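The structure's right below; bear with me while I get my questions together.
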There are 2 protein chains.
Amino acid sequence: MATNTRERIVTTTAELFRRQGYNGTGLKQIVAGAAAPFGSVYHFFPGGKEQLGAEVIHVGGRFYQELVEAVWDAAPDAVSGVADVFAGAAETLRQTDYADACPIATVALEVASTNEVLRVATAEVFAAWIESAVERLSAAGIGRAKARELAIAIIALLEGAFVLSRATRTTEALEAAGATAVARVRDAILQGEGRAKP
Amino acid sequence: MATNTRERIVTTTAELFRRQGYNGTGLKQIVAGAAAPFGSVYHFFPGGKEQLGAEVIHVGGRFYQELVEAVWDAAPDAVSGVADVFAGAAETLRQTDYADACPIATVALEVASTNEVLRVATAEVFAAWIESAVERLSAAGIGRAKARELAIAIIALLEGAFVLSRATRTTEALEAAGATAVARVRDAILQGEGRAKP
DNA sequence: GTCTATAGAAGGATAGAC
DNA sequence: GTCTATCCTTCTATAGAC
C-alpha cells in the first residue's frame with residue numbers, strides 16, 4: 001500500500017490526526033508509526049509539522065470526498081444517495097470503535113483560531129466538499145442557490161453528527177441527522193417539480 | 001466577576017479550551033491567564049489537568065445550555081426560537097473573530113478516542129442539551145420520538161455549522177443550517193396539527 | 001493554603017555522519 | 001537521501017519553603 005517513506009508518513013499522520021487531532025499527535029509518534037527515521041520528516045517536509053499537516057489535510061480531504069462521492073453516485077437518485085452516505089458513515093463508525101469519522105474536523109477546530117496556514121487548508125477542503133455536493137443536488141433538479149444551502153446543511157449535519165456520535169458512542173445522531181438531510185433533499189426536489197408535500 | 005482563584009482558573013481554562021482545545025492548552029498558559037500560582041491548579045484539582053478538564057466541560061456545557069435556553073425561551077414560539085439561536089450564534093461568532101463557538105466541541109473530538117473520563121464528560125453535556133431541546137419541542141406539540149430526532153438534528157446542525165463557519169470565517173454555514181433547522185421544526189409542528197405543507 | 005523551584009518526560013527542530 | 005544523536009523548549013507533575 002504505502003510503498004515509500006514519504007507516503008507512509010502522510011498516511012500514518014492522517015490516521016493519527018483523525019483520532020487524536022493535530023496537537024495530540026507528536027512527530028516522534030508519527031515516525032514510529034510509519035517506521036521511518038526521524039530526519040525523513042524534515043527531509044520531505046522542510047516546513048516541519050505545519051507543512052506536513054497542510055498536506056495531510058488536503059490529501060485526507062480529497063480522499064474522503066472521493067469516498068463519499070463513490071457512495072452517493074452508486075445510488076439511483078439523490079435522496080437515496082444522501083441516505084447511503086449517512087448510513088455508510090454510521091457503519092464505519094461502528095466498525096472502527098467510533099474512531100474513524102471526518103478526517104479533518106478535529107484539526108479544523110483546533111487550528112481555526114491558532115494557525116492560519118492550516119485553517120486555510122481546512123477551509124479549502126470544505127469548499128471543495130460543498131462544490132461537490134452542489135453539483136450533485138443541482139443535477140437532481142434543485143436550483144443553484146437552494147442547492148448550495150442544502151449542500152452546506154448536509155455537510156453540517158454530517159460533521160455535527162460525528163461530534164455527537166463519537167462523544168456518545170452511539171450512531172443515533174448519524175441516523176437522526178441522516179433522516180433530516182434526506183427529508184430536506186426530498187422536499188427540495190418535490191418543490192422543484194412544483195409538487196407539494198403530502 | 002471571577003472573584004476567587006479557583007473560579008478564575010476554571011473560567012480561564014474554559015476560554016482557552018474553546019479556542020485552542022485541550023491538547024493545545026498548557027497548564028502554564030492557564031495559570032498565566034488566571035493570574036494564579038502554578039501550585040493552585042494541583043491544590044484545587046488534585047487530579048491535575050484531567051480533573052480540571054472534566055469540570056470545565058461540565059461547567060462550560062451547563063453555561064452554554066442556559067444561554068441557548070434563554071434565547072429560545074425569549075421567542076414567541078419554537079420556530080422563531082430555533083431561528084434566534086442560530087442567528088445569535090452567528091452574531092457571536094462575528095463579534096469574537098470566529099473564536100467563540102461551542103465550548104466543548106473541540107475538546108469532544110480531541111478526547112473521544114483518547115481519554116475516557118473526558119469523553120464521558122462531553123457525552124453527559126450533549127445528553128443534557130438533547131433533553132433540553134426535546135422538552136421544548138415536545139411543548140410545541142411535537143411527539144416525543146420525533147422531538148428527539150429533531151433535537152439531535154438541530155444540535156448536529158449547530159455543531160457542524162460551527163466547524164464550517166470557524167474554518168471558512170463566514171457565517172454562511174450557520175445561516176444555511178439555521179434555515180434547515182427552522183424548516184424541519186415548522187414541518188414537524190404542522191404535521192402534528194394534521195396539516196400538510198403548502 | 002499560597003507560591004516557587006525543579007524534576008522528569010515529551011514536544012519540535014537541527015546538525016552532521018554515512 | 002537515509003539515519004542517529006542531540007539541542008532547546010515546553011509539558012505535566014511534585015516537593016517543599018513560607
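Here is how names work: the chains are called A, B, and so on, in the same order as the sequence lines, proteins then strands, and each is numbered from 1. Note that these values count all heavy atoms, side chains included, but never hydrogens, waters or copies made by symmetry. Fair warning: this is a prediction, and the values are worked out from it, not measured in the lab.
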> If you look at every strand shown and take non-hydrogen atoms under 4.0 Å, does F44(B) touch a base, only sugar-phosphate, or nothing?
Replying inline: sugar-phosphate
> Who are the side-chain contact (heavy atoms from CB on, under 4.5 Å) partners of S165(B), not counting sequence neighbours?
Replying inline: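 Applying side-chain contact (heavy atoms from CB on, under 4.5 Å) to S165(B) gives L93(B), A173(B), L174(B).
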> Listed by chain and number, what are the side-chain hydrogen bond (donor to acceptor under 3.5 Å, both in side chains) partners of T96(B), not counting sequence neighbours?
Replying inline: none
> Is the shortest heavy-atom distance from the side chain of T114(A) to the side chain of R119(A) under 4.5 Å?
Replying inline: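 Contact flag for T114(A)/R119(A) side chains = no.
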> With sequence neighbours left out, which residue pairs that include part of residues 167-177 of chain B fulfil the side-chain hydrogen bond (donor to acceptor under 3.5 Å, both in side chains) condition?
Replying inline: R148(A)-E172(B), R94(B)-T171(B), D97(B)-R169(B), T168(B)-T170(B), T171(B)-E175(B)
Can I get a per-line list of side-chain donor-acceptor pairs under 3.5 Å for residues 31-49 of chain B, giving both atom names and the distance, sequence neighbours left out?
residue : atom : partner : partner atom : Å
S40(B)  : OG   : P37(B)  : O            : 3.4
K49(B)  : NZ   : Y22(B)  : O            : 3.0
K49(B)  : NZ   : T25(B)  : O            : 2.9

>> Counting primed atoms plus P, OP1 and OP2 as sugar-phosphate and everything else as base, spell out the protein contacts along nucleotides 11-18 of chain D at 4.0 Å heavy-atom distance: B, S or - for each nucleotide, 5' to 3'.
In response: BBBB----
> How would you list, by chain and number, every residue that makes a side-chain contact (heavy atoms from CB on, under 4.5 Å) with N23(B), sequence neighbours excluded?
Replying inline: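 Applying side-chain contact (heavy atoms from CB on, under 4.5 Å) to N23(B) gives N23(A), E110(B).
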>> I need the CD-P distance between Q51(A) and dA13(C), as an integer number of Å.
In response: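 Interatomic distance, CD of Q51(A) to P of dA13(C): 11 Å.
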>> With side-chain hydrogen bond (donor to acceptor under 3.5 Å, both in side chains) as the rule and sequence neighbours excluded, what pairs involving residues 122-133 of chain A come up?
In response: H58(A)-E124(A), E69(A)-S132(A), E131(A)-R144(A), S132(A)-R136(A)
>> Once ring pair (Phe, Tyr, Trp, His ring centres under 6.0 Å) is applied, do any residues pair with Y98(A), and if so which ones, sequence neighbours excluded?
In response: none
> In whole angstroms, how far is the C1' atom of dT10(D) from the CG atom of L16(B)?
Replying inline: 16 Å
>> Please list, in numerical order, the residues of residues 30-37 of chain B that have a heavy atom closer than 4.0 Å to any atom of DNA chain C.
In response: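 Within residues 30-37 of chain B, the residues near DNA chain C are P37(B).
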